[in-house]
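Note sheet for the following structure.
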Amino acid sequence: MPEDLSQPPESNESGKNWEEHNPDIEREITIDEFQPYGTLTLTLLYFLIVALMWVFMYFIEFGGNAPSIIE
Amino acid sequence: MHIHKFEQFWIKLSFVLIAFFIATVVYGFVAMDLKVIGDHATIDPQNLQETKFGNPGVREVTKNGQTEYEVYVQTIQFAYSPGTAEPIVVPANTRVTFYITSPDVLHGFDVAGTNLNTMAIPGQVAKMTTIFPESREYGIVCNEYCGPAHHIMEGIIKVVPKSEFDKSNLVE
Ligand SMILES: [Cu+2]
């Protein structure tokens, strides 16, 4: 995606760049320097919950609910 | 296209998850020997009278020198015949094969709290074999919406000890 598209339209009108509009921003980083470890942790936690629920649903609710169909 | 390495990681992880799901299902059907209902037979739902479903109930059969039982059940709006008006009585620790069909609309035959569960489809016969390990009562519920009284459609399977099984109620 071209970078100008991610900028708010008014920054183009005034001729100022995005950082000048947001003086709180101290440092600009590239995409690879951005490291959302919190999101990574939540994603891993979510995958773990899905996997555990699947194991419970499949092996206990579905497989272990005897009597079962034997033929 | 450049993808952030974290994003690459969880895209890969979702494929691992899918592979894991498929592997558990394969494991269940290969190693745990799980079974589901397949297509057994088709039947004319208008002419059940001429079949064993015309005289539904529990039958005694001998297979491979063993005494087994066959249960023919009609699912009708809004009852199991047999099952609702009178319970289906079968002995424990014996092979029991259910044959289930419907003369009217789609129903469900779900033995609550167990893995015994099938659709009852007009024109099709569902077949499932099981062994009830203990004598107790099981409820049957209809789990396919079949009409205005669907929610009260239920039946009972009474599993009794082999020694107490009364053969005078068998049908011929
Ligand atoms: Cu129903």
Side-chain angles (χ1 to χ4, degrees), chain A residues 1-13 15-71, chain B residues 1-29 31-38 40 63 68 90 92-98 110-118 126-134 136 138 157 159:
Chain A
M1 188 188 285
E3 276 186 0
D4 341 345
L5 287 182
S6 60
Q7 293 181 353
E10 64 267 23
S11 66
N12 293 331
E13 287 162 22
K16 286 180 182 173
N17 65 25
W18 190 72
E19 289 82 353
E20 285 166 51
H21 272 279
N22 297 274
D24 294 341
I25 290 178
E26 290 172 7
R27 187 164 64 91
E28 200 176 350
I29 57 171
T30 66
I31 183 79
D32 286 317
E33 286 169 312
F34 173 62
Q35 305 216 313
Y37 279 106
T39 309
L40 180 71
T41 311
L42 285 177
T43 308
L44 288 173
L45 193 66
Y46 169 74
F47 271 76
L48 190 71
I49 291 168
V50 170
L52 286 176
M53 284 174 78
W54 171 264
V55 166
F56 179 79
M57 194 276 293
Y58 186 75
F59 289 101
I60 298 171
E61 287 289 307
F62 177 62
N65 220 355
S68 298
I69 299 170
I70 57 173
E71 207 178 294
Chain B
M1 187 172 68
H2 179 75
I3 300 172
H4 190 275
K5 64 175 195 252
F6 280 24
E7 224 163 9
Q8 285 179 10
F9 172 67
W10 54 67
I11 289 168
K12 281 175 196 157
L13 207 59
S14 15
F15 285 104
V16 171
L17 199 65
I18 292 166
F20 166 70
F21 289 157
I22 295 172
T24 53
V25 172
V26 171
Y27 178 82
F29 285 89
M32 292 167 69
D33 212 23
L34 296 177
K35 300 272 182 351
V36 292
I37 310 278
H40 170 62
K63 269 185 205 159
E68 297 184 12
V90 289
N93 295 309
T94 311
R95 281 169 66 98
V96 178
T97 303
F98 290 90
D110 181 3
V111 184
T114 75
N115 278 338
L116 310 172
N117 184 2
T118 183
K127 178 193 177 206
M128 58 184 179
T129 302
T130 192
I131 296 172
F132 293 100
E134 46 171 350
R136 55 161 280 196
Y138 292 92
I157 296 176
V159 183

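Naming convention: chains lettered A, B, ... in sequence-line order (proteins, then strands); numbering from 1 in each chain.
Classification of the Phe6(B)-Tyr37(A) ring pair by plane angle, with boundaries at 30° and 60°, yields perpendicular.
The number of heavy atoms from other shown groups lying within 6.0 Å of CZ (Phe29(B)) is above 12. A 6.0 Å sphere centred on CZ of Phe21(B) holds more than 12 heavy atoms belonging to other residues, nucleotides or ligands.
With respect to chain B, the highest number of heavy-atom pairs below 4.5 Å among Val50(A), Thr39(A), Asp32(A) belongs to Asp32(A). If you tally non-hydrogen atom pairs under 4.5 Å between each of Ala66(A), Gly64(A), Ala51(A), Pro36(A) and chain B, the highest count goes to Pro36(A). Highest contact tally toward chain A, considering only Met1(B), Glu134(B), Glu7(B), His4(B), is held by His4(B) [criterion: heavy-atom pairs under 4.5 Å]. Your options are Val25(B), Ile37(B), Val16(B), and the one with the most heavy-atom pairs under 4.5 Å with chain A is Val25(B).
For a residue to count as touching a neighbouring chain, one of its non-hydrogen atoms must lie under 4.5 Å from one of that chain's; by this rule Glu61(A) touches chain B with the backbone only. Using a 4.5 Å cut-off between heavy atoms, Leu116(B) touches chain A through backbone and side chain atoms alike. Met32(B) touches chain A through its side chain: at least one heavy atom from C-beta onward sits under 4.5 Å away, while N, CA, C and O do not. Looking at Thr43(A), the atoms closer than 4.5 Å to chain B (heavy atoms on both sides) all sit in the side chain, from C-beta outward. If you measure heavy-atom distances from Thr118(B) to chain A, you find no contacts under 4.5 Å at all.
For the atom pair CG (Leu44(A)) and CG (Leu13(B)), the distance works out to 6.5 Å, reported to the nearest 0.5 Å.
The shortest non-hydrogen separation linking Pro133(B) to Asn93(B) is O-OD1, 3.5 Å.
Residues Arg95(B) and Glu71(A) have side chains in contact (heavy-atom distance under 4.5 Å, counting atoms from C-beta outward). At least one side-chain heavy atom of Leu40(A) sits less than 4.5 Å from a side-chain heavy atom of Phe9(B).
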